[in-house]
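The residues of the chain are indexed from 1 along the displayed sequence.
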Amino acid sequence: MVKIISRKSLGTQPVYDIGVKDDHNFILANGMVASNCFNKSHSTAYGYVTYQTAYLKANYPVEYMAALLTASSNSTDKIQKYIATCSTMGIEILPPDINRSDLDFTPISNSILFGFSAIRNLGHGAINCIIKARENGGEFKALADLCDRVDLRTLNRRGLEALIYCGAFDSIQPNRQQLIKDLEPLISWAQDRAKDRESGQLNIFDLFGNTNSEPDQNNNAWESAPSAPAVSDFSRQEKLNWEKELLGFYVSDHPLKSARPVAQVLSPVSLAELAEQKKGTTLSAIVMLTEVKPHLTKKNNERMAFVQMEDLTGQAEGVVFPKTYEKISSLLQADSRLIIWAKVDERDEKIQLIIEDAELIESLRTVVVELTPQEVTTNNLNQLKSILQKHSGKKHQAKFPVLATIAAPQQYQFVRFDSKYWVQDHQVTVNALKASGFDARTAPVIRS
């Protein structure tokens, strides 16, 4: 093992440094110098790969992101981050499709189709069974058609349920709850047909419906398959919950999707970017709670909570200490959509948020001040700030964000006021602004 005995700076050297500023050259015991940098050949190779990657992303963005998603299929956090990146790039992520999905993520036009390998409870044997049956007999026309054409010993009930719950059959049979109810009679029916084929027997309906006298070539047998009594479909939220359970995230929709436009203004720092924020930074974020764990403090036996939350880009842990918990405990429910005010903290080398206040985004409204370019003067802006400060209320109690829109000839520009200008009573503030000649109104954060 090489032993470092001292360090010193060697000044400028003909190498490419990796960015360590000071004391990055080491004197070894044998008198040689070890420099913590890349040599030219190493740096050139990295630069070439970087150029290739940038070229592919710029010129083949759909194919590039599909490959990136496939390469990261074992990491839910990375997948969620890359799906958010696709959204900002205008690339749609499509849910799994029984007739179009392949093993991996597949680029289709300006969208990316989920691969079967990303579905939990669906093994590679079952996936190969589905793809082979589709290649040999064409697209599946119904769940019954698939059950009749695949080996149900390989693609078992658990795998079929996973396909249904994540929406893989939506393109041919969109009522997911009906398909779940149909599974029991369909599996029994398909297994009986498989036994008949293995024993060489042929159903009379197959015989008359098949000119080739080959059971496997009859593509209409599924039409006579049994089904359960009709039921209504799952609710939207139930469908999303199952997608989250089986895929690790929402695909067909997201509970926070309707809040995305305002989140870009009110919550410019996403959860995926928390690691880049300094400890102690105060920020606001629009999130959905996925788990709430109430807790009692050891010292005073006071109630507090640990929460897991997510936005469209990633996940994070939050802590609600007793004083805050007393104010917002009624809001701390799984699936609640909140705007939170929090401080960035670090615990056990992991970033977390200390939540100081929260509000349901369904009830949150914003104050919108509409300005023309001619009105954007120093006097007007100072008057506007003065009115907002007057109505800002006490610290940590201002709940209503303030936005300004400036009407340019061909577009609107949005200006987000700092949180110190957010107000405590949106309607009183609007009245005060109107009395001073400003065109102001209130608007909900999300549309119902």
* Structure fact -> dist I83:CD1 -> I93:CD1 (nearest 0.5 Å) comes out at 5.5 Å
* Asked: Which atom pair, heavy atoms only, marks the closest approach of L388 to Y421?
  -> CB-O, 3.8 Å
* Asked: Less than 4.5 Å apart, any side-chain heavy atom of K327 and any of V320?
  -> no
* Counting N and O atoms only, with roles assigned by atom type, does the side chain of S436 sit under 3.5 Å from a partner on the main chain of A432, one being a donor and the other an acceptor? -> yes
* Asked: Is the shortest distance from a Lys or Arg side-chain nitrogen in E161 or R157 to a carboxylate oxygen in the other one below 4.0 Å?
  -> yes
* Asked: Do Q178 and D182 have side-chain N/O donor and acceptor atoms under 3.5 Å apart?
  -> yes
* For P255, does its backbone N or O pair with a side-chain atom of R337 as donor and acceptor, under 3.5 Å? -> yes
* To do: Test V319 against I355 for side chain to side chain contact (heavy atoms under 4.5 Å, CB included), laying out the working first.
  => CA-CA 6 Å; V319 181; I355 299 174; over 6 Å; no
* Could you tell me whether the side chain of W422 and the main chain of F417 form a donor-acceptor pair under 3.5 Å? => yes
* Asked: Which pairs with one or both residues in residues 225-239 pass side-chain hydrogen bond (donor to acceptor under 3.5 Å, both in side chains), sequence neighbours excluded?
  -> D233-K239, S235-E238, R236-D253, Q237-N241
* Asked: Got T297 and M304 here, is their nearest side-chain heavy-atom distance under 4.5 Å?
  -> yes
* To do: Could you tell me whether the side chain of S188 and the main chain of P185 form a donor-acceptor pair under 3.5 Å?
  => no
* Point-to-point distance, once rounded to the nearest 0.5 Å, from CZ of F438 to CG of N380 -> 5.0 Å
* Report yes if the side chains of P322 and E326 come closer than 4.5 Å at any heavy-atom pair, otherwise no. => no
* Sidechain-backbone polar pair: N175 side chain, V231 backbone, donor-acceptor under 3.5 Å -> yes
* Determine whether P96 and I119 make a side-chain contact, defined as any pair of heavy atoms from C-beta on separated by less than 4.5 Å. => yes
* **Student check: side-chain heavy atoms of I406 and V376 closer than 4.5 Å** => yes
* Asked: Can you name the closest pair of heavy atoms from A440 and K434 and give their distance?
  -> O-CE, 3.0 Å
* Closest heavy-atom pair and its distance - L155, A126 -> CD1-CB, 3.8 Å
* Salt-bridged, R441 to E370, with N to O below 4.0 Å? -> yes
* Any salt bridge between R176 and E243, counting N to O under 4.0 Å? -> yes
* Asked: Hey, what's the ring geometry for W242 with Y165, parallel, tilted or perpendicular (30° and 60° as the breaks)?
  -> parallel
* Asked: What is the distance from atom OG1 of T282 to atom CD1 of I354, rounded to the nearest 0.5 Å?
  -> 11.0 Å
* Checking side chain to side chain contact (heavy atoms under 4.5 Å, CB included) for the pair Q173/L143: CA distance, chi angles, key distance, verdict? -> CA-CA 8 Å; Q173 289 176 285; L143 174 61; 3.6 Å; yes
* Asked: Is I127 close to I130 at the side-chain level, that is, under 4.5 Å between some pair of heavy atoms?
  -> no
* Could you tell me whether F306 atom CZ has more than 12 heavy atoms of other residues or ligands within 6.0 Å of it? => yes
* **Check: F140 main-chain N/O paired with N99 side-chain donor or acceptor under 3.5 Å** => yes
* Non-hydrogen side-chain atoms of P444 and L364 separated by less than 4.5 Å -> no
* **Donor-acceptor contact present, side-chain T106 to main-chain S101, <3.5 Å** => no
* Quick check: does any side chain N or O of S72 sit under 3.5 Å from a backbone N or O of L68, one acting as donor and the other as acceptor? -> yes
* If you measure from CG on L103 to OG on S117, what distance do you get to the nearest 0.5 Å? -> 4.5 Å
* Whether over 12 other heavy atoms sit under 6.0 Å from R120 CZ -> yes
* Asked: To the nearest 0.5 Å, what is the distance between NZ (K244) and OG1 (T290)?
  -> 5.5 Å
* Look at the side chain of E273 and the backbone N and O of S270, then say whether any donor-acceptor pair between them is shorter than 3.5 Å. => yes
* For K293, salt bridge (Lys or Arg N to Asp or Glu O under 4.0 Å) partners two or more places apart -> E291
* To do: Show your reasoning for whether side chain to side chain contact (heavy atoms under 4.5 Å, CB included) applies to L152 and V150.
  => CA-CA 6 Å; L152 294 182; V150 302; 3.9 Å; yes
* Asked: Hey, does the side chain of N300 reach the backbone of E302 with a donor-acceptor pair shorter than 3.5 angstrom?
  -> no
* Could you please spell out the steps behind the side chain to side chain contact (heavy atoms under 4.5 Å, CB included) verdict for I340 and I328? => CA-CA 10 Å; I340 63 169; I328 67 170; over 6 Å; no
* Asked: With a 3.5 Å cut-off and no angle check, do the side chains of D311 and T313 form a donor-acceptor pair?
  -> yes
* To do: Drop me the distance from H124's NE2 to T154's OG1, to the nearest 0.5 angstrom.
  => 14.5 Å
* Close side-chain approach of Q80 and E310, heavy atoms under 4.5 Å -> yes
* When you check the gap from the basic side-chain N to the acidic O, do R153 and D151 get nearer than 4.0 Å? -> yes
* Please list all pairs passing the side-chain hydrogen bond (donor to acceptor under 3.5 Å, both in side chains) test where one or both residues lie in residues 128-140, with sequence neighbours left out. => none
